[in-house]
Amino acid sequence: MARRLPRRFYARPAVDLAPDLLGKFLVAERRGRRVAGRIVEVEAYVGPEDLASHAARGLTPRTRVMFGPPGHAYVYLIYGRSFLFNVVCARRGFPAAVLVRALEPAEGVRRTTDGPGKLTAALGITLADNARDLVDGPLWIEERAPAAAVAVATTPRINVDYAGDWAAEPLRFVDAGSHWLSRRLPDAPRRRGPRHPPLAAG
DNA sequence: TGCACGATGAAC
DNA sequence: TTCATCGTGCAC
């Protein structure tokens, strides 16, 4: 049983939405082919006062979608090579979003998904998906039952050292039991072998 | 019009 | 640890 998340699910602060996205499934369907993964790592970008957020510089052509209604995709190009996927949340006029940083492969996944740029490549998410409505369209987030328990852990966000005091805020949320995180947790034991199982063939 | 700089990933 | 690579925002 799967239920696409409704608009009201996204209509709340990023710090509230972020941990609730863990365990949900990000799904992309295009040309009849479905690719999906279970969300295991996210980061909250809480508002215009958050110096790590693109919205800290106000409304620009790029950040316009962050100022729009919740439940839409904010996709942008970083370092000239990777697309990053965010979920716009809160309310119209207040820029907030949650960055999805890692997935556990579910269906149709042919590439690794343990990083924000990797998961968009695996799901075929590009700039063409920017501003897309997640409530009604070919890209969405759904809840599946029965849902496995999520052991939520927090850490500072990745690669936001430029953000002053905001860099240390515990706004990265992960499923501590997942082998598909973009980085190991600080106190995770060192293990031999691959961090995650190989992708299934197909 | 020019330029510094990334919410990264892969190689070394 | 280094670096490819290019859109964005801002300085000039």
Side-chain angles (χ1 to χ4, degrees), chain A residues 10 13-22 26 37 39-68 70 72-90 94-105 109-132 134 139 141 153-175 178-186 193-196 198-199:
Chain A
Y10 303 105
V15 71
D16 292 344
L17 173 65
D20 275 3
L21 283 173
L22 299 177
L26 177 60
I39 298 172
V40 295
E41 176 178 340
V42 298
E43 285 178 356
Y45 289 83
V46 302
E49 73 279 20
D50 178 358
L51 296 182
S53 174
H54 293 166
R57 282 188 258 215
L59 200 166
T60 67
R62 180 173 64 158
T63 62
R64 183 180 54 80
V65 63
M66 289 184 77
F67 287 79
H72 291 252
Y74 169 43
V75 181
Y76 65 92
L77 176 68
I78 185 68
Y79 297 109
R81 47 174 56 221
S82 301
F83 297 114
L84 269 57
F85 169 80
N86 302 251
V87 179
V88 174
C89 62
F94 184 89
V98 175
L99 169 67
V100 178
R101 288 191 55 90
L103 307 173
E104 284 179 9
V109 176
R110 304 205 244 210
R111 314 182 56 168
T112 57
T113 51
D114 54 344
K118 296 180 190 178
L119 74 89
T120 55
L123 268 61
I125 296 171
T126 69
L127 279 189
D129 294 298
N130 187 41
R132 200 182 278 294
L134 303 175
L139 179 64
I141 300 173
T154 65
T155 78
R157 293 170 292 184
I158 306 297
N159 289 346
V160 296
D161 296 341
Y162 57 85
D165 291 342
W166 283 92
E169 289 294 314
L171 293 173
R172 172 175 176 243
F173 300 83
V174 306
D175 178 345
S178 178
H179 293 268
W180 288 86
L181 304 183
S182 67
R183 305 202 179 179
R184 282 209 321 273
L185 289 172
R195 212 174 62 248
H196 58 68
L199 289 171

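A note on names: the letters A, B, ... follow the listed sequences, proteins ahead of strands, and every chain is numbered from 1.
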Any A:I158 side-chain heavy atom under 4.5 Å of A:R172 side chain: yes
Single hit among A:L119, A:L99, A:V100, A:V75 for side-chain contact (heavy atoms from CB on, under 4.5 Å) with A:L84: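 Exactly one option meets the side-chain contact (heavy atoms from CB on, under 4.5 Å) with A:L84, and it is A:L99.
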A:P170: which of A:V15, A:T155, A:T154 passes side-chain contact (heavy atoms from CB on, under 4.5 Å):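 Option passing the side-chain contact (heavy atoms from CB on, under 4.5 Å) with A:P170: A:T154.
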Ranges pairing with ranges for DNA chain B, where each run has three or more Watson-Crick or G-U pairs under 3.5 Å: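 Looking at DNA chain B, the stems formed by three or more consecutive pairs are B:1-6 with C:6-11, B:8-11 with C:1-4.
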Any pair counted as salt bridge (Lys or Arg N to Asp or Glu O under 4.0 Å), so long as it reaches residues 154-169 of chain A, sequence neighbours left out: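 Residue pairs passing salt bridge (Lys or Arg N to Asp or Glu O under 4.0 Å), neighbours aside: A:D50-A:R157.
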Nearest heavy-atom neighbours spanning A:A97 and A:C89: N-SG, 3.9 Å
Approximate separation, where rounding is to 0.5 Å, of A:E41 CD and A:L181 CG: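 That separation rounds to 5.5 Å.
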A:E104 versus A:S178, side-chain donor and acceptor atoms under 3.5 Å: yes
B/S/- contact track for nucleotides 4-12 of chain B, protein heavy atom under 4.0 Å: --BBBSS--
